[in-house]
Amino acid sequence: MSIKLEHINYIYSPGTAYEKQALKDISLEIKQGEFVGIIGHTGSGKSTLIQHFNGLMKATSGALYYDGKNIYETGYNMKELRSQVGLVFQYPEHQLFEVDVISDVCFGPKNQGLSQEECEKRAKEALELVGFPEKYYKQSPFELSGGQKRRAAIAGVLAMRPKVLVLDEPTAGLDPRGRDEILDQIEYLHKNTNMTVILVSHSMEDIARYVDRIIVMNHGEKMFDDVPKAVFAHYRELEKVGLAAPQVTYIMHALKAHGMDVHTDATTVEEAAEEIMRSFHD
Ligand SMILES: Nc1ncnc2c1ncn2[C@@H]1O[C@H](COP(=O)(O)OP(=O)(O)OP(=O)(O)O)[C@@H](O)[C@H]1O
Ligand SMILES: [Mg+2]
């Protein structure tokens, strides 16, 4: 499914004292199978933007197309769209509400009208995909650890077999190990299916490691939209809006400033190491 946004504006509480324009003239296109990161300081409009992707929020003006069809046209099948575009909210634990994990993960497929048997099959498959331990399937979702709650919430969306997976800060508040495990699993999913993944994150390190493309949001506007290297080349401008490039970007620039003959565009520790080794051998 290709997603296309044309001049999307979104205003909260228009005409009141609380009026707030959260999205300003956003145009972008995402093709099926892309892994896109969305980054921006707090309040820049990331969550507002991604809730447009499955039609949960409707733009104040502008158009949104899936496979060329305008979702705001009357008669558009929103229910179908919501089952194809899975959205994991910023605090996914708030999405959990059933008596046990397996029923919770079954909720989506059940809503799609599938049989109990098929729902459970899909739920188990999704829980396995996210590395959720089987011994907790019958546990109440409220008794789980933070990391397991995230996994259960992501599984609940995956059980619907979406074509597009949108994750809003899926690792916020998790320890580094839990964070890496979840992101590695998402990467695995992306590599092994043709699923589009859209990942909202505060962490440049995470974004640099996983995504093919970064969209930088700033005060409701799209500031950059490019491959990670090209975006991080603007690290001075990113700093001005409260963001930073990955740590290695700074290290590479410092090495170069000290006279080492290195390219400065490495975005991961592995790439930086390779580049430093190369400069020794040249
Ligand atoms: N329900 C609401 N009513 C009014 N304004 C809102 C509402 N929700 C968000 N906003 C405002 O819209 C802007 C964008 O908010 P949004 O939640 O999309 O930002 P964000 O980039 O997701 O932030 P964070 O990184 O903190 O999650 C902010 O200025 C926010 O205060
Ligand atoms: Mg947010």
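Both ligands and their constituent atoms are indexed starting at 1 by order of listing. Remember, predicted model here, so these are calculated numbers, not experimental data.
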Q | Pairing of Lys229 and Glu271 as salt bridge, 4.0 angstrom limit | A | yes
Q | salt bridge (Lys or Arg N to Asp or Glu O under 4.0 Å) against Lys24, all qualifying residues, sequence neighbours excluded | A | none
Q. So does Arg278 pair up with Glu274, basic N to acidic O under 4.0 Å?
A. no
Q) Any salt bridge between Glu239 and Arg236, counting N to O under 4.0 Å? A) yes
Q: Output, by chain and residue number, all protein N/O/S atoms separated from the Mg ion (ligand 2) by less than 2.8 Å.
A: Ser47 OG, Gln90 OE1
Q: Check which hydrophobic residues are tied to Phe142 through side-chain heavy-atom contacts below 4.5 Å, counting indirect links as well, and list them.
A: none
Q: Starting from the C-alpha separation in whole Å, work towards a yes-or-no answer on ring pair (Phe, Tyr, Trp, His ring centres under 6.0 Å) for Tyr91 and Phe89.
A: CA-CA 5 Å; Tyr91 303 102; Phe89 287 91; over 10 Å; no
**Q.** N-O pairing of Asp184 and Arg209 below 4.0 Å
**A.** yes
(Q) Before you tell me yes or no, could you show the steps for His190 and Tyr210 under ring pair (Phe, Tyr, Trp, His ring centres under 6.0 Å), namely the whole-Å CA-CA distance, both residues' side-chain angles and the distance that decides it to 0.1 Å? (A) CA-CA 10 Å; His190 174 251; Tyr210 295 98; over 10 Å; no
Q) Salt bridge or not for Glu128 and Lys124, using N-O below 4.0 Å? A) no
Within the protein, flag every N or O under 3.5 Å from an N or O of ligand 1, and note the pair and distance.
{"from": "ligand 1", "atom 1": "18 (O)", "to": "Thr48", "atom 2": "N", "distance (Å)": "2.9"}
{"from": "ligand 1", "atom 1": "18 (O)", "to": "Thr48", "atom 2": "OG1", "distance (Å)": "2.5"}
{"from": "ligand 1", "atom 1": "19 (O)", "to": "Gly45", "atom 2": "N", "distance (Å)": "3.3"}
{"from": "ligand 1", "atom 1": "21 (O)", "to": "Ser44", "atom 2": "N", "distance (Å)": "3.2"}
{"from": "ligand 1", "atom 1": "21 (O)", "to": "Ser44", "atom 2": "OG", "distance (Å)": "3.4"}
{"from": "ligand 1", "atom 1": "21 (O)", "to": "Gly45", "atom 2": "N", "distance (Å)": "3.0"}
{"from": "ligand 1", "atom 1": "21 (O)", "to": "Lys46", "atom 2": "N", "distance (Å)": "2.9"}
{"from": "ligand 1", "atom 1": "21 (O)", "to": "Lys46", "atom 2": "NZ", "distance (Å)": "2.8"}
{"from": "ligand 1", "atom 1": "22 (O)", "to": "Ser47", "atom 2": "N", "distance (Å)": "2.9"}
{"from": "ligand 1", "atom 1": "22 (O)", "to": "Ser47", "atom 2": "OG", "distance (Å)": "2.8"}
{"from": "ligand 1", "atom 1": "23 (O)", "to": "Gly43", "atom 2": "N", "distance (Å)": "2.8"}
{"from": "ligand 1", "atom 1": "25 (O)", "to": "Lys46", "atom 2": "NZ", "distance (Å)": "2.7"}
{"from": "ligand 1", "atom 1": "26 (O)", "to": "Thr42", "atom 2": "OG1", "distance (Å)": "2.3"}
{"from": "ligand 1", "atom 1": "27 (O)", "to": "Gln90", "atom 2": "OE1", "distance (Å)": "3.2"}
{"from": "ligand 1", "atom 1": "27 (O)", "to": "Gln90", "atom 2": "NE2", "distance (Å)": "2.8"}

